Structures are given as C-alpha cells and as structure tokens.
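Predicted, not measured: the structure shown is a model, and the values here were computed from it. Order of the sequence lines sets the chain letters (A, B, ...), proteins ahead of strands, with each chain counted from 1.
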Number of protein chains: 2
Amino acid sequence: MATRTRRPERRQEPLSRERIVAAAVELLDSVGESGLTFRALAERLATGPGAIYWHVTGKSELLAAATDAVIGGALAADDLRATPRDAVRALALGVFDALDVHPWVGAHLVSTASHSPTLPLFERIGRQVRALGVPESAQFTAASTLMNYILGVAGQNAANTRRVEPGTDRAAHLDRVAGTWAELDPEEYAFTRSVTEQLRGHDDRAEFAAGIDLILTGIAGRP
Amino acid sequence: MATRTRRPERRQEPLSRERIVAAAVELLDSVGESGLTFRALAERLATGPGAIYWHVTGKSELLAAATDAVIGGALAADDLRATPRDAVRALALGVFDALDVHPWVGAHLVSTASHSPTLPLFERIGRQVRALGVPESAQFTAASTLMNYILGVAGQNAANTRRVEPGTDRAAHLDRVAGTWAELDPEEYAFTRSVTEQLRGHDDRAEFAAGIDLILTGIAGRP
DNA sequence: ACCTGAACACCGTTCAAGT
DNA sequence: ACCTGAACACCGTTCAAGT
C-alpha cells in the first residue's frame, strides 16, 4: 500500500551552504576547474543560478570554501606518540595525498589568503617545529620554509595533473617528460639531461617526502 | 617645411608576436590579471581581437609567453666568481625581485608546465647544486626542493599582492595581518600567535633568503 | 526568508570578408 | 600573408518577481 503523502522525488532537502560546497567539490573533482559553473552547479542542485547567491557571496568565496573543506579533512589529529619529525612528515603527506584526490585544490591553496585554509596548516607545522627544539627566534623561518615548500609542490602537482589528460597514468606521463628532457640541447641543459634517469620512474610522493627531510635536516643543522 | 609623405600617426609597425607579448606584460603589470583581455589588448595595439589570433594560438599561450619573457629577463648571467651557495641565493633572489615587479607571474609560474619557463630555472639551480658537490644520486632531490620552495613563495607572494589593494604598502599590510593573528583563539592557534611579533616588521625578501639558506644547509648536511 | 530564471554586461574564440 | 570586426557560445552576477 503506497503512502498517501509521498514526497515528490525531485524535491531535495533545502539549499544550504554545506550542500552547495559539497556539490562544488564533486563538480571540481569530476569535471575539473573549468567545470565549476554557476549554471552547472544550479542544475545539479535542481535550482536556478541566482539561488546560490543567497548562501554564498560569489565564486571566489565558493572556491575558498571548497578548498577549506578538503584541507580541513586532510589535517587529521596528530599522533601524539610520533616524533616531531614524523609528525611533520605525516602532516605534509596528508596534504599531498589530499591534493592527489582533489588536484584543483593545489592552485587555490596557493592563491588563497594568508588566512584560512593555510593558517591551520601553518599552525600545525609550527607546533612541530617548536617540538623539534628550534629556538624561538628561528621558529618562524623554519615553519614558513616548510609551508612554502609544501605549497610549491602542491601548485606544481596541480599544474601537472591539469596538463595531463585524465586518462594517462603517472608512469606514462613521466616517461613522456623524460623523453622531452632527453632531447634538450646538451649544452644548454646539461644538468637537466643528467638527471633524466632519476626522473624516469621516480616516485612523486617519495620525492616530496625526501624534500621535507632535507628541510628538516637544515632546520636541525642550523649553524 | 613639412615632408610630403608623412606616415599617419596611428599606423603602428606591423603586429608581431613580440609586440603582442610586450603589450600583454604591460597590461598585466598595470591592470592586473583580470585586465588582460583580448579586446583591451586589441585596443592597445590598435587592431581587432581577431588579429591577435594570427600570431598566438590563444590566451593560455599568451600568458605562458608573457611569463617566459619576465623569467627569461630575471635569469641574468651567473657571476662565475661567486660560490655555488651565493649563486643559488642570487638566482633565487632574482626570481623573487622579478615577481615583486610583476606579481601576476607567480600564479602562472606555478601553474605552468614542467616545461618552459621553469625548466631554465631548474637547470640553473641544478648546475649550482652540482657545484656544491652533492653526490649525483641526491642532485635531483636537492634541485627539486629548492625549486619547489621558490615556486611556493612565488605563489604566496602573488596571492598576497592580489589580495591587497594596490595602494597599501607592505608595512601596513603586515601590520594588518599581525593584527588578525593577535586575535586568533589562543589555544587553537598557540604557535601562530607566538610568532606574531616575528611577522610584524619582518622583511619578506630576507625571510625568503633565510629559507634558501635553510635548505642549503640541509643539502650540505645530508646524512 | 528563500528561491526562480530572465536579463545584463561581459568574456574567449571563430570566421567570412577584406587588403 | 595578414588584418578586420561582427557574431557565437559561453561566463558571473543581479534583480524583479514570486512563494
């Protein structure tokens, strides 16, 4: 027996900032940055483009909120038993992995405020820097350097995934880049050519972690 | 006595890729990223928007070419008598200073290829890494780490100058940021608050250089 | 209070037509 | 070969009008 009061299939729960941001993240993940359109978003939410503006001031706020949501999720609770060095590594790799799933975040992490969502990341890094025993006067520089390195990699990875058509896998892409490097002018690009083999078949994630370790060594070994 | 054949004031030398890119850089410098429009560019070149497409395939190529032009200019010849450490510093600061004049470059340096114009920078850094005596197996990581740090700072600076309205000077801006930091939740943002004083009145450029030194120390002190 | 969707003021890009 | 500029297919954003 069908219920008398059936709510129409199409009527969704009311619009909310939360639902809008979630839909924006989905759209960004599936169609990429150019796919985030107020019209596409409105269609997905079964409403008109104007409705979105009641909950969100504009596109840049929407992007910031989407970035916030992803990064907030990536900054899991610290493992209190880890060494500071391991905690920094875990923090950095958490961001790295989140960007792997949501490549569009990289570009907007970089272009976003000295405010959210980079601030929580800065705080988390800073705490570990302090735990490392870095003297107070050097803490700001140490935390900033780690932060800027992480954001730099984030941006580069975002650029890479944007350039590569979604189908190709990492290995194929690296091979292609290595191929172009091998064809560079031997004199003008002597160094780049010499590290071509290190590029081919290297692991982005491991490479990223190695950079973190390098900086940590620099922080520990400050003269 | 006026010459008989006077060329009309308005007729410029013919369009060329070079002139177009130069005009684009000017437009980006003076009006910012949102000011670079095919219509505005066409007006500046006294032609129609379609004409530009004969010399350039589209907007992204135009931006890449503009970025190329700026970075190419920033990578001056190495001082052969400098130590590798000083050469890396000079290289990095050259990029930093170029971005100070052309803030829009930061965003596009990050989002641009593993190809030009980051490749010449990578090559230049790599040569100095080699000169530092880094063993071959570690050269790629060392150069990448420096590179990613530089690009990270580039992106952040671009984001900062974009956020600040053109009038405000650095000191005022830092003061404003420091003000917001001082109001953060004391528990949630304990570290950030503790370095507020180091932020206020710090020197972006010196801070950037300090980060380079930190990484160089890490490279030298690799275990 | 919240939603609708047409309308506005732009974009990048194309292309027939000119020289 | 190179340029012109109207036209196309989009954008983000606004806003009168609805519920």
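- With sequence neighbours excluded, no residue satisfies side-chain hydrogen bond (donor to acceptor under 3.5 Å, both in side chains) with Asp203(A).
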Per-nucleotide protein contact string for nucleotides 6-12 of chain D (B base, S sugar-phosphate only, - none; heavy atom under 4.0 Å): -B---BB
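- Applying the side-chain hydrogen bond (donor to acceptor under 3.5 Å, both in side chains) rule to pairs touching residues 92-103 of chain A yields Asp29(A)-His102(A), Asp97(A)-Arg205(A), Asp100(A)-Arg170(A), sequence neighbours excluded.
- Here Ala40(A) pairs with Leu27(A), Thr37(A) under the side chain to side chain contact (heavy atoms under 4.5 Å, CB included) rule; sequence neighbours left out.
- Classification of Arg39(B) and Glu43(B) as a salt-bridged pair fails, no side-chain N sitting under 4.0 Å from a carboxylate O.
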Under the 3.5 Å Watson-Crick or G-U criterion, the dot-bracket string of DNA chain D, with | for inter-strand pairs: ||.|||||...|||||.||
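- For the pair Arg193(A) (side chain) and Leu184(A) (backbone), a donor-acceptor distance under 3.5 Å is present.
- Inter-residue side-chain proximity for Arg44(B) and Glu26(B) is flagged as met; some heavy-atom pair is nearer than 4.5 Å.
- The salt bridge (charged side-chain N to carboxylate O under 4.0 Å, His left out) pairs that include a residue from residues 55-64 of chain B are Arg17(B)-Glu61(B), where partners are two or more places apart or lie in different chains.
- Glu43(B) places its CD atom 12 Å from the P atom of dG5(D), with the value rounded to the nearest Å.
- Rounded to whole angstrom, the span from the CD1 atom of Ile52(B) across to the C1' atom of dC3(D) amounts to 11 Å.
- The CZ atom of Phe38(A) sits 8.5 Å away from the CD1 atom of Ile20(A) when rounded to the nearest 0.5 Å.
- His55(B) places its NE2 atom 16 Å from the P atom of dT13(C), with the value rounded to the nearest Å.
- A straight line from CG of Leu41(B) to P of dG5(D) spans 15 Å, rounded to a whole angstrom.
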